[in-house]
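Worksheet: one structure, shown below.
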Amino acid sequence: LTSVPEALGELTALTKLLLSENLLTSVPPEFGSLTALTVLRLSKNQVTSLPAELGLLTALTELHLDDNQLKSVPVALGCLTALTTLYLNSNQLSCVPAALGRLAALTELHLCNNQITSVPA
């Protein structure tokens with residue numbers, strides 16, 4: 001799978017979306033309509049950037065973005081107030097996004113195998 005159909009954004013009752021181990025390079029902004037989503041797995045793809053619309057997924061508790069090509073994450077991820085688990089390991093991140101400090105429910109944060117050189121104060 002190299003791309004996700006935009007029509008997937010119409011599945012507004014969807015609670016889990018598992019797209020790991022594909023060849024995706026981007027995430028459609030239409031994913032922001034999946035407001036019932038609690039689990040989103042995009043591990044082991046080739047995603048290089050994320051749309052700010054992911055910040056609309058306020059029911060999300062697990063977000064798996066490990067093993068991609070991310071150099072940064074959108075500030076909007078700080079709006080995912082229900083998020084308890086975030087996998088960002090094995091990407092190309094050079095800093096820990098300050099927006100992650102707003103994730104009060106977060107109990108697991110995986111950042112290993114990046115190029116992190118700075119952490120927000």
Side-chain angles (χ1 to χ4, degrees):
L1 188 63
T2 56
S3 65
V4 179
E6 293 176 7
L8 197 63
E10 297 172 20
L11 302 175
T12 55
L14 198 65
T15 59
K16 289 186 181 182
L17 181 54
L18 312 177
L19 291 167
S20 295
E21 299 186 43
N22 283 290
L23 298 171
L24 302 175
T25 56
S26 63
V27 177
E30 289 78 12
F31 274 24
S33 300
L34 303 175
T35 54
L37 210 59
T38 59
V39 176
L40 177 55
R41 292 189 183 169
L42 291 163
S43 303
K44 297 183 180 176
N45 278 286
Q46 297 172 9
V47 177
T48 56
S49 64
L50 299 169
E53 289 83 356
L54 284 186
L56 300 173
L57 305 179
T58 55
L60 204 62
T61 59
E62 287 185 32
L63 181 54
H64 299 253
L65 295 167
D66 46 306
D67 290 300
N68 278 289
Q69 305 295 319
L70 295 171
K71 292 183 179 179
S72 65
V73 295
V75 172
L77 284 191
C79 297
L80 302 178
T81 55
L83 200 65
T84 59
T85 305
L86 177 56
Y87 287 87
L88 286 169
N89 46 298
S90 300
N91 277 286
Q92 298 174 13
L93 301 174
S94 59
C95 65
V96 177
L100 299 184
R102 297 191 313 230
L103 302 176
L106 198 65
T107 58
E108 286 186 51
L109 175 58
H110 300 263
L111 290 167
C112 59
N113 295 322
N114 279 289
Q115 288 108 33
I116 294 173
T117 56
S118 66
V119 178

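Side-chain contact between Glu62 and Arg41 is present, with at least one heavy-atom pair separated by less than 4.5 Å.
Here the closest heavy-atom approach between residue Leu24 and residue Thr2 is recorded as CD2-C, 3.6 Å. Taking each heavy atom of Leu34 and Leu17 in turn, the nearest pair found is CD1-CD2, 4.1 Å. The heavy-atom pair separating Ser33 from Gly9 by the smallest distance is CB-O, 3.3 Å. When all heavy atoms of Cys95 and Ser118 are compared, the closest pair comes out as CB-OG, 3.2 Å. The heavy-atom pair separating Leu40 from Leu60 by the smallest distance is N-CD1, 3.8 Å. Considering all non-hydrogen atoms of both residues, Asn68 and Ser43 come closest at ND2-CA, 4.2 Å.
In this structure, Thr61 contributes its side chain and Thr38 its backbone to a donor-acceptor pair below 3.5 Å. Checking side-chain atoms of Thr107 against main-chain N and O of Thr84 turns up a donor-acceptor pair under 3.5 Å.
Looking at residues two or more places apart in sequence or on another chain, you find no ring pair (Phe, Tyr, Trp, His ring centres under 6.0 Å) involving Phe31.
Remark: the Ser90 side chain and the Asp66 side chain contain no N/O donor-acceptor pair separated by less than 3.5 Å.
At a threshold of 4.5 Å between side-chain heavy atoms, the hydrophobic network of Ile, Leu, Val, Met, Phe, Trp and Tyr places Val4 and Leu65 in one connected group.
Considering CG of Leu86 and CG of Leu111, their distance stands at 7.0 Å, rounded to 0.5 Å.
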In a table with atom names and distances, give each donor-acceptor pair under 3.5 Å that connects a side chain of residues 69-83 to protein atoms at least two apart or in another chain.
unit_1, atom_1, unit_2, atom_2, d
Gln69, OE1, Gln92, NE2, 2.5

